[in-house]
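Scroll down for the structure; my scribbles are underneath it.
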Amino acid sequence: MSQRSPSDADVGVPSSRDEFNFQHVPAQALDAVRMRFAQLTHSLAKLKDEMSRADLPQWYSLQAQVSVILTQLQSVTTTIHHFEELLDSTVVYPLANFPTTAHEGLLTTLLRKKNIPETDAWINDAKETVGIDLNTTSPEDVNKLLKSDEQVTKWALGFLKEEHSNYAFQGLHTAQELSNSPQLANYDEYRPSTGKNVPKKPFDVDTVLKVVHQGPA
Amino acid sequence: MRSTVIFVEKSAPATITELHDILSNDLISVKEKWSFEFKTFRLTVKNLPPESPRLMHSITFSHRDNKSVIVKNKSAIVTSAMPGSIPAALTLNGCSSASCESFDHLLTSKLSNLWTQRQTIKGDFGSTYQTSELTIRATNVFSYGGFKGLLIELECEEQIPDSEFDQRINRIRNYLRDMSIEDYKICSDIMDPQRRNFLCDLAQQYVKVLEL
Amino acid sequence: MVLQLSLVSAIDDESYDLCTSTLCNLSGNPPVLFSHFTAMLKPNPTFDIEQTNSKNQLIEQNRLKLCKEVPLDQLEPDGSKRDYEMLKNYQDDKLDGFNLQVVEDMLHGSTDLDRMDVDEAKSDDSWILSIADIPAAGSNRKVSTQSITENTILSSGGSSPSIIAFLSEFGYVPDYQFLTLGVKFNMNHSVYLELSKVWLIQGGESKQITKGGFLVKAFVNVTKGTDIKSINHGTNALLNLQKELSGYIDLTIPDRKSMDSRLENLSDI
């Protein structure tokens with residue numbers, strides 16, 4: 001990424017530097033958001049490209065990509081959230097010497113505040129998929145729905161965690177792995193599962209052994 | 001299957017050669033060498049009634065899969081120290097650890113407070129003769145290195161009437177008479193005619209002729 | 001003299017299914033159903049028995065153990081049903097469908113004249129006779145180590161051919177009896193693991209002493225007590241299994257006093 005000033009306002013106005021004070025342009029915030037968006041769009045494009053190919057990639061490669069995208073999304077939201085106040089209070093306007101007639105298309109794009117129709121379509125699509133009519137649903141109900149969604153997510157996470165604990169995943173090697181790299185056997189990273197399905201002891205073993213070896217008392 | 005055991009105390013180490021010579025005319029073959037070991041144990045319990053028997057005998061036969069018979073007061077068991085002789089059902093059901101020792105060892109190592117060994121009589125490197133009528137096993141018997149006499153074991157593997165068996169035994173006794181051997185112990189007893197156990201009966205016959 | 005290295009534990013009846021399939025996968029072998037009858041004998045109490053032998057060595061009175069297989073067809077006539085699932089039917093005192101007379105006959109000789117076997121060397125008259133020492137002492141032991149002296153009795157003869165008749169001549173009388181029913185897994189490195197249920201048998205009645213679950217015993221038999229290499233090998237194999245199963249079945253060293261068959265075990269060494 002280049003270090004040029006990211007302010008959109010300087011497009012096509014090379015001679016106006018002297019008259020305009022660029023210090024108030026939130027360059028750092030914009031650049032941070034831009035970089036994260038760039039990464040995300042790149043990843044999404046890559047995934048989209050791979051998914052459209054004739055032979056699908058391996059599931060683990062897809063899973064890895066999705067998890068990268070999720071991290072990047074997370075990063076975008078935290079960044080936007082971080083600069084929320086600054087970006088919210090920033091107003092964009094064209095300078096007087098901007099060639100408005102020559103670059104009308106660009107100007108309207110840059111100054112647009114409404115979502116472009118495509119974005120609106122996505123949002124509507126998402127809303128329809130969720131099955132909630134925002135026009136008729138009160139904000140409280142939406143909150144409730146969000147909460148219950150969170151709860152389901154929480155339960156699923158807990159369930160996964162519990163299932164995961166029922167099995168031991170580490171420190172087990174196949175004979176082939178051991179013969180290929182004998183040093184694996186040298187250190188022991190086996191951790192037994194901490195599952196709750198352990199048998200109970202219905203009687204005292206020593207008492208039973210005592211009866212077996214010495215007869216009933 | 002019937003058997004008889006003869007013990008000739010008044011004999012010399014060379015008597016066995018004489019026996020071989022006199023049997024030669026009837027021999028079909030001379031078979032494997034054999035040996036036996038005869039041990040006497042005494043019950044050390046103090047407060048036994050005076051009339052109850054205190055002696056127990058263990059006889060191990062090399063020619064019968066090294067099986068040992070333990071006899072006491074007309075009661076007997078057949079045991080084995082050969083790992084291969086443990087019945088599979090016992091090993092598979094976890095009764096046995098598939099390694100076992102002789103009964104004598106059990107007595108001397110674990111039960112010596114109850115049973116004390118008294119004497120050992122051995123017959124080593126005996127000869128086996130096969131005639132058309134009987135299998136004759138003969139061996140010189142030693143106790144602690146000293147010569148004790150000649151032991152002859154007669155076995156008939158065919159199922160024949162008792163009278164026929166007695167006749168065959170008598171032919172051997174006639175040979176002994178020809179060798180001017182008149183004074184000997186002989187036993188053909190069967191402990192329980194209703195429930196015969198060849199090896200137990202044979203052991204009992206050994207006990208009868210060797211008990212001093 | 002066999003040296004038996006062992007670790008024990010217990011599981012409840014509900015865990016049996018999961019446990020057998022776990023062990024089955026772990027060992028790579030299917031479970032083997034087994035069953036045996038054990039008669040413990042003690043020295044005739046009317047005898048005045050010395051505590052020392054002729055060499056003045058201390059020999060404490062110890063029980064004799066007679067052990068014999070119980071034919072599984074006695075328990076389940078249908079061979080196709082004779083698998084590890086069968087054990088789930090035996091959670092009570094009662095041994096359903098099993099005639100306890102069979103074990104009486106095994107010990108004392110058949111009383112049924114029709115079945116009386118006149119043939120020589122009855123094949124089903126063989127027993128394992130053994131004496132077990134108290135397991136070795138020592139606080140830093142990792143497994144229980146018990147030495148067992150064992151002898152095979154192939155048949156009994158004489159005027160009253162039964163094993164009990166001979167042993168009463170021998171100076172031992174019956175003490176108590178029990179029947180064991182279980183499954184055995186052949187784990188790797190000659191380690192065996194048994195899940196079993198035990199019933200005391202007294203006066204024609206059976207009483208389960210493992211009610212609610214199964215006794216778990218993992219063991220290695222070392223044929224020679226002096227074979228240090230095999231003992232170490234067996235110990236390590238057992239400890240590996242202990243580690244492998246830890247958190248699921250916690251195998252522990254049994255109290256050595258509970259495995260003491262001596263008659264008067266008050267004076268422990």
Side-chain angles (χ1 to χ4, degrees), chain B residues 1 43-48 52-53 56 67-83 85-87 89-106 108-117 191-192 194-201 203-204, chain C residues 1-2 4 32 34-36 38 43-44 46-55 57 59-62 67-71 116-118 120-123 126-129 131 148-161 163 165-166 168-171 180 182 184 192 194 221 223:
Chain B
M1 287 227 304
L43 191 60
T44 58
V45 173
K46 285 185 202 147
N47 60 346
L48 275 188
S52 63
M56 180 170 75
K67 282 178 186 160
S68 303
V69 184
I70 326 295
V71 188
K72 192 200 170 228
N73 194 22
K74 283 205 159 186
S75 202
I77 51 165
V78 180
T79 83
S80 173
M82 304 280 281
S85 67
I86 304 170
L90 287 177
T91 322
L92 293 177
N93 279 290
C95 303
S96 168
S97 54
S99 89
C100 76
E101 280 126 303
S102 69
F103 196 81
D104 295 355
H105 177 78
L106 195 78
T108 50
S109 69
K110 295 289 162 199
L111 295 163
S112 57
N113 56 337
L114 200 59
W115 293 96
T116 318
Q117 194 183 332
M191 280 194 270
D192 185 345
Q194 295 300 310
R195 312 177 185 205
R196 288 187 186 180
N197 182 317
F198 175 77
L199 223 50
C200 292
D201 291 335
Q204 175 75 357
Chain C
M1 192 176 70
V2 179
Q4 187 168 79
V32 180
F34 73 90
S35 133
H36 52 76
T38 309
N44 191 331
T46 64
F47 284 5
D48 180 8
I49 300 168
E50 297 272 358
Q51 289 285 330
T52 53
N53 63 10
S54 55
K55 291 170 193 158
Q57 292 163 318
I59 306 278
E60 281 165 296
Q61 293 185 37
N62 203 340
C67 191
K68 175 169 189 53
E69 86 282 359
V70 176
M116 202 188 283
D117 203 346
V118 203
E120 288 159 5
K122 267 164 67 181
S123 59
S126 46
W127 291 84
I128 295 293
L129 180 72
I131 296 185
I148 301 167
T149 310
E150 192 180 293
N151 179 247
T152 314
I153 295 173
L154 297 173
S155 66
S156 48
S159 49
S160 55
I163 184 75
F166 174 82
S168 72
E169 286 289 337
F170 185 76
T180 311
K184 182 160 69 174
Y192 290 92
E194 285 179 359
N221 287 329
T223 321

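Keep in mind that what you see is a predicted model, and the values were worked out from it rather than measured. Computation of the quantities below employed the complete heavy-atom set of this structure, encompassing side-chain atoms and omitting hydrogens, waters and symmetry-equivalent molecules.
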- Message: Under a plain distance cut-off of 3.5 Å, with no hydrogens placed, do C/Glu150 and B/Ser97 share a side-chain donor-acceptor pair?
- Response: yes
- Message: For a quick test of reading the model, state the closest non-hydrogen atom pair linking B/Pro87 to C/Ser126 and the distance between them.
- Response: CG-OG, 3.4 Å
- Below 4.5 Å from any heavy atom of chain B, which atoms of C/Thr38 appear? Answer side chain, backbone, both or neither. neither
- Looking only at B/Asp192, B/Val78, B/Asp201, B/Ile86, most heavy-atom pairs under 4.5 Å shared with chain C are made by B/Val78
- Note on the structure: With chain C, the option among B/Lys72, B/Met56, B/Lys74 that has the most non-hydrogen atom pairs under 4.5 Å is B/Lys72
- What part of B/Leu92 gets closer than 4.5 Å to chain C, counting heavy atoms only: side chain, backbone, both or neither? backbone
- Message: With chain C as the partner, which of B/Ser68, B/Ser85, B/Gly94, B/Ser52 has the greatest number of non-hydrogen pairs under 4.5 Å?
- Response: B/Gly94
- Message: Heavy-atom cut-off 4.5 Å, strictly under: side chain, backbone, both or neither for B/Ser102 against chain C?
- Response: backbone
- Item | Structural part of B/Thr91 lying under 4.5 Å from a heavy atom of chain C | backbone
- So what's closer than 4.5 Å to chain B heavy atoms on C/Asn221: side chain, backbone, both or neither? side chain
- Item | C/Gln61 side, atom CD; B/Lys110 side, atom NZ - distance, nearest 0.5 Å | 14.5 Å
- Task: Check each atom of B/Cys95 against the heavy atoms of chain C and say whether the ones under 4.5 Å are side chain, backbone, both or neither.
- Result: both
- Task: Dump the intermediate steps for side-chain contact (heavy atoms from CB on, under 4.5 Å) on B/Ser96 and C/Thr152, then the final yes or no.
- Result: CA-CA 8 Å; B/Ser96 168; C/Thr152 314; 5.6 Å; no
- Message: Measuring from atom OG1 of B/Thr44 to atom CD1 of C/Ile49, what distance do you get when rounded to the nearest 0.5 angstrom?
- Response: 7.5 Å
- Between B/Cys100, B/Cys200, B/Ala81, which residue shows the highest count of heavy-atom pairs closer than 4.5 Å to chain C? B/Cys100
- Answer yes or no: is there a side-chain heavy-atom contact under 4.5 Å between C/Ile59 and B/Leu114? no
- Message: Just to verify, which of C/Asn151, C/Leu154, C/Ile153 counts as forming a side-chain contact (heavy atoms from CB on, under 4.5 Å) with B/Ser80?
- Response: C/Leu154
- If you look at every heavy atom in B/Asn47 and C/Thr46, which pair is closest and at what distance? ND2-O, 2.8 Å
- Query: Checking heavy atoms, do the side chain of C/Phe170, its backbone, both or neither come under 4.5 Å from chain B?
  - Reply: both
- Query: Looking only at heavy atoms, which two atoms of C/Glu69 and B/Leu90 are closest? And how far apart?
  - Reply: OE1-CD2, 3.3 Å
- Query: Where do C/Glu169 and B/Trp115 come nearest, in terms of heavy atoms and distance?
  - Reply: O-CZ2, 4.2 Å
- For residues C/Ser156 and B/Asn197, report the shortest heavy-atom separation together with the two atoms involved. O-ND2, 3.5 Å
- With respect to chain C, which residue among B/Leu199, B/Leu111, B/Val71 yields the maximal number of heavy-atom pairs within a distance under 4.5 Å? B/Leu111
- Verify, without hydrogens or angle tests, whether B/Asn93 (side chain) and C/Ser35 (backbone) share a donor-acceptor contact under 3.5 angstrom. yes
- Item | Beyond-backbone contact of B/Leu43 with C/Phe47, side-chain heavy atoms, under 4.5 angstrom | yes
- C/Lys55 side, atom NZ; B/Ser112 side, atom OG - distance, nearest 0.5 Å: 7.0 Å
- Message: What verdict does the side-chain contact (heavy atoms from CB on, under 4.5 Å) test give for B/Thr79 and C/Leu129, after you've listed the backbone C-alpha separation in whole Å, the side-chain angles of each residue and the deciding distance to 0.1 Å?
- Response: CA-CA 10 Å; B/Thr79 83; C/Leu129 180 72; over 6 Å; no
- Item | Per-residue contact mode, B/Leu48 against chain C (heavy atom under 4.5 angstrom) | side chain
- Note on the structure: Smallest heavy-atom separation, B/Ser75 atom then C/Phe166 atom, equals OG-CA, 3.4 Å
